[in-house]
Amino acid sequence: MAEKKTTNFSKYIKWFWGIVLGGFLFVCLIFLMASWGVFGALPTFEELENPKSDLATEVISADGKTLGKYYVKANRTPIQYKDLPQNIVKALVATEDERFYEHSGIDFRGTARAVANLGRSGGASTITQQLAKNLFNKGGSSNIFKRLSQKLKEWVVAVKLERQYTKEEILTMYLNTQDFIFNAVGVRSAARIYFGKEPKDLDLQESAILVAMLKNPRQYNPYRERSKDKSLERRNVVFAQMEKNGFITEKEKDSLQKLPLKINFTPESHSDGLATYFREHLKQFLKKWAEHNPKPNGEPYNIYKDGLKVYVTIDSRMQQYGEEAMEEHMANLQSFFDKEQKRNRTAPFYDLDKEEINRTLRRAKQNSDRYKSMKAAGKSEKEIDKVFNTETDMRVFSWKGERDTVMTPYDSIRYYKQILRSGLVAIEPQTGHIKVWVGGINNKYFKYDAVDQQKRQVGSTFKPFVYATAINQLKMSPCDKLPNTPYTIPKEKYGMPLDWTPKNANNKYGGEMTLKEALAGSINVITAQLVDKVSPINVVRLAESAGIESKIEANPSIALGAIDLSLMEMVSAYSTFANKGLRVSPMMITRIEDKNGTVLQEFVPKTKEVLSEESAYVILDLMKGVTQSGSGARLRSSYTNAGDAATGFPYKFTNPIAGKTGTTQNQSDGWFMGIVPNLAAGVWTGGEDRATHFAGIRYGQGATMSLPTWALFMQKCYADKTLEISKEDFEKPEDLSINIDCTKKVVDEEGGEEKETKPDDTDF
């Protein structure tokens with residue numbers, strides 16, 4: 001009997017080990033079959049070596065900050081392990097894979113626990129398995145057999161990844177491939193979007209929030225109102241796991257769990273962040289560049305997927321100051337414009353009759369996205385008009401923030417027509433580096449770029465090119481005098497159909513004026529005499545040589561700025577004066593690298609001598625007079641007057657500044673160009689339509705519309721000592737032969753003493 005029991009026991013033992021061994025062999029066979037590709041293709045060795053993931057192209061400023069990215073679906077920019085804070089590494093391992101440093105891709109203990117509990121205690125996927133899923137097995141299946149085959153493939157790929165990469169590399173790849181939603185793919189984008197900082201600067205609480213999101217970035221999202229409570233709970237689970245695994249003490253855990261949920265949500269889209277207009281212009285350039293610069297395999301680079309690094313000349317600090325300055329002044333200026341329009345029966349237009357206004361609005365309607373989409377859908381004009389005249393909910397731009405309102409699309413067109421626009425650009429003359437590019441007041445609502453796309457009449461800001469031609473060609477001095485009397489150029493000359501007799505804007509004539517006084521006061525009749533002395537064609541040649549690329553007709557009216565040019569052209573040409581007569585073509589990119597850091601192209605500017613160093617210095621001295629006693633003297637003001645509320649001065653600049661204001665007919669355009677030794681900057685301000693303008697010169701002149709933005713920008717730059725913007729005078733040539741010392745004292749008739757005169761604010 002005992003012998004029979006022993007035999008039965010031996011049989012059970014054999015069966016037991018047979019089942020165990022058979023099960024083990026079966027698992028091994030299944031594993032081998034998965035590795036052979038029986039359940040579907042696996043990534044090749046090359047794919048494991050170089051996992052294919054879309055990488056956003058990154059735009060990096062001159063001071064090393066990310067200005068923005070180009071991507072279609074994945075806003076992902078990978079980082080290296082050394083750039084990860086250890087607190088996020090510890091939080092990740094403690095929460096997602098406690099035995100990460102012990103296993104080789106598969107946690108068999110965790111798997112056994114998951115099987116025994118039917119998955120109720122978690123799926124037991126290791127970080128490496130999750131990485132395998134992110135890289136090569138995206139998208140689950142509702143079919144249980146497909147899910148099992150996917151899991152088997154994840155196991156195989158996980159083991160291969162463990163053989164191919166170090167633990168640090170796996171952790172880094174995992175965090176680089178996680179989608180945190182809201183355009184945050186990868187830990188770097190997540191850190192920037194949810195906290196406005198780089199990953200290395202994340203504190204433990206912030207790292208824990210990101211790790212908490214890994215379970216389900218939507219369900220545990222700290223930004224979404226409905227998921228904030230869950231995000232807080234999950235973050236505290238992360239702290240508990242860290243304490244359990246010895247990364248923090250119990251006291252630290254208790255303290256951290258009491259902290260409120262805190263984020264700094266900074267969305268990154270193509271209309272958010274710094275330099276949005278610049279980034280759009282750059283994108284168009286990069287697309288063309290990619291067409292002519294293929295990869296080694298002959299394929300063109302894809303700026304949305306290939307992870308290029310584009311190093312640009314924009315300085316993020318200066319760009320920030322430029323955008324802030326524009327916002328501060330334009331919000332203020334708009335309030336004055338809106339008050340004026342309340343008295344304008346044809347607001348926001350002047351100089352147009354009813355039919356002209358209707359044509360203007362109709363043209364704007366036909367250019368709108370709403371109209372184009374309806375037209376493409378086959379809607380009739382009658383159907384479209386009905387929609388445009390029906391009130392609907394909409395969100396509109398305002399200087400007090402976006403606001404929800406109800407209006408017809410047609411009324412919204414008129415609403416936006418009343419909002420003044422502006423642009424600012426700044427260039428370093430010695431290098432041609434574009435340091436600031438503010439193409440408009442808000443890229444989300446106003447796409448048209450006032451820096452490069454737009455061309456508007458430049459007014460008196462073109463006069464320095466006439467003076468520069470006279471100085472360079474005739475060696476005229478700022479002290480030379482010309483009569484301030486009406487001057488006529490006959491119609492036979494320069495092919496004009498009629499006589500040309502310009503008038504001074506203030507209609508004041510008489511006596512003689514030095515060139516310095518004439519430019520400071522923007523005296524038209526003297527500029528007309530100069531253009532006749534040198535001939536319009538020579539002015540055009542100098543302007544084109546200095547950087548004006550638009551076609552200019554060589555007729556005398558160019559002397560008063562009756563030509564349409566872009567803000568970029570003007571600032572680039574003015575930079576030539578500051579660089580001793582040497583033109584350096586504008587640069588926006590220094591180099592482009594691929595995702596591995598290999599330099600694909602370095603950029604160098606083109607240079608050209610335009611005028612002599614002596615002539616360049618003399619024209620700068622002339623333009624200094626504009627900011628000392630002319631229409632730009634508001635920069636020096638220490639007194640106040642009725643215009644303060646609109647212009648924001650006094651600014652009290654004391655350093656040498658060469659400048660020129662400009663105001664066009666009917667105050668449609670206001671300009672200010674300002675130069676210091678190592679920076680040339682220009683501002684344009686006006687309406688979208690030339691008929692949208694201030695009724696009078698008080699607010700409509702360049703000294704009121706654009707000079708304040710320039711002044712605010714420069715104040716901010718000077719306050720930031722790290723920028724080293726010069727306050728010195730322009731370097732004087734050693735062999736200066738032209739006399740520039742023509743100081744004229746003003747005598748008080750009563751006491752005979754010298755006195756300081758109040759500057760004339762009138763702009764011409």
Side-chain angles (χ1 to χ4, degrees), residues 60-64 275 278 311-319 321-322 424-438 451-452 461 464-465 468 471-472 542-549 567-591 602-624 627 653 655-660 672-683 710 713-714 716-718 720-736:
I60 303 168
S61 71
D63 54 320
F278 169 80
Y311 292 86
V312 298
T313 59
I314 297 291
D315 186 292
S316 70
R317 297 161 295 181
M318 295 175 70
Q319 181 70 29
Y321 302 149
L424 181 157
V425 67
I427 296 176
E428 188 175 67
Q430 293 73 25
T431 62
H433 287 186
I434 300 168
K435 310 303 289 184
V436 178
W437 182 312
V438 188
V451 166
D452 186 69
T461 56
F465 298 108
I471 292 166
N472 200 52
L542 184 138
E544 290 177 343
S545 185
I548 302 298
E549 297 178 348
L567 181 57
M568 177 60 76
E569 288 178 292
M570 290 297 291
V571 176
S572 172
Y574 266 67
S575 296
T576 301
F577 301 137
N579 196 34
K580 303 179 180 181
L582 183 69
R583 165 171 165 74
V584 183
S585 59
M587 274 185 65
M588 63 178 177
I589 306 175
T590 54
R591 72 181 186 277
E602 290 188 284
F603 295 79
V604 292
K606 297 177 181 178
T607 60
K608 178 182 181 181
E609 186 174 344
V610 176
L611 67 166
S612 69
E613 181 181 349
E614 181 179 56
S615 297
Y617 179 77
V618 173
I619 191 63
L620 287 171
D621 186 73
L622 275 170
M623 287 195 290
K624 284 197 291 184
T627 67
F653 285 96
N655 56 294
I657 299 170
K660 188 69 190 81
F672 182 73
M673 313 295 293
I675 309 172
V676 297
N678 62 350
L679 195 68
V683 181
W710 188 94
F713 165 64
M714 291 299 291
K716 294 172 186 288
C717 287
Y718 280 136
D720 187 339
K721 303 303 181 184
T722 64
L723 292 174
E724 299 181 345
I725 303 301
S726 176
K727 285 190 175 182
E728 302 300 314
D729 203 348
F730 299 95
E731 186 178 347
K732 187 177 181 180
E734 293 182 2
D735 55 348
L736 183 66

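Quick caveat: nothing in here was measured; it's all calculated off a predicted structure. Positions are given from 1, in the same order as the sequence printed here.
- A pairwise comparison of heavy atoms in P677 and F730 identifies N-CE2, 3.5 Å as the closest pair.
- For the atom pair CZ (F278) and OG (S61), the distance works out to 10.0 Å, reported to the nearest 0.5 Å.
- Side-chain contact check for H433 versus T590: some heavy-atom pair is nearer than 4.5 Å.
- Of the inter-residue distances, the one linking L424 atom CG with Q319 atom CD reads 8.5 Å to the nearest 0.5 angstrom.
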Checklist entry - Could you walk me through whether T722 and R317 pass the side-chain contact (heavy atoms from CB on, under 4.5 Å) check? => result CA-CA 10 Å; T722 64; R317 297 161 295 181; 3.0 Å; yes
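- When atom types are taken as modelled, the side chain of D729 and the backbone of P656 share no donor-acceptor pair closer than 3.5 angstrom.
- Distance OG1/T607 to CD/Q430: 13.5 Å, rounded to 0.5 Å.
- In this structure, the separation between CD1 on I657 and CD1 on I675 is 11.0 Å, given to the nearest 0.5 Å.
- No hydrogens or angles considered: a donor-acceptor pair under 3.5 Å links the side chains of E428 and T431.
- A616 and G581 make their closest contact through CB-N, 3.4 Å (heavy atoms, listed as atom of the first residue, atom of the second, distance).
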Item to check | Evaluation steps, side-chain contact (heavy atoms from CB on, under 4.5 Å), between C717 and M318 | outcome: CA-CA 7 Å; C717 287; M318 295 175 70; 4.2 Å; yes
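- Ion pairing between D621 and K732 fails under the 4.0 Å rule for side-chain N and carboxylate O.
- Between Y617 and E731, every side-chain heavy-atom pair lies at or beyond the 4.5 Å cut-off.
- Judged by the 6.0 Å distance and 45° axis criteria, K660 is not positioned over the aromatic ring of F672.
- Inter-residue side-chain proximity for E613 and L582 is flagged as unmet; no heavy-atom pair is nearer than 4.5 Å.
- Between the side chains of R583 and S575, no donor-acceptor pair is found at a separation under 3.5 Å.
- In plain terms, the two heavy atoms of K727 and Y718 that are nearest each other are CG-CE2, 3.3 Å.
- Between N678 and E724 the shortest heavy-atom distance is ND2-O, 3.1 Å.
- The minimum heavy-atom distance linking Y321 with D720 is given by the pair OH-OD2, 2.7 Å.
- Aromatic ring pairs are classed by plane angle as parallel below 30°, tilted from 30° to 60° and perpendicular above 60°; the pair F577 and F465 is tilted.
- In this structure, CG in D315 is found 13.5 Å from CD1 in I434, a value given to the nearest 0.5 Å.
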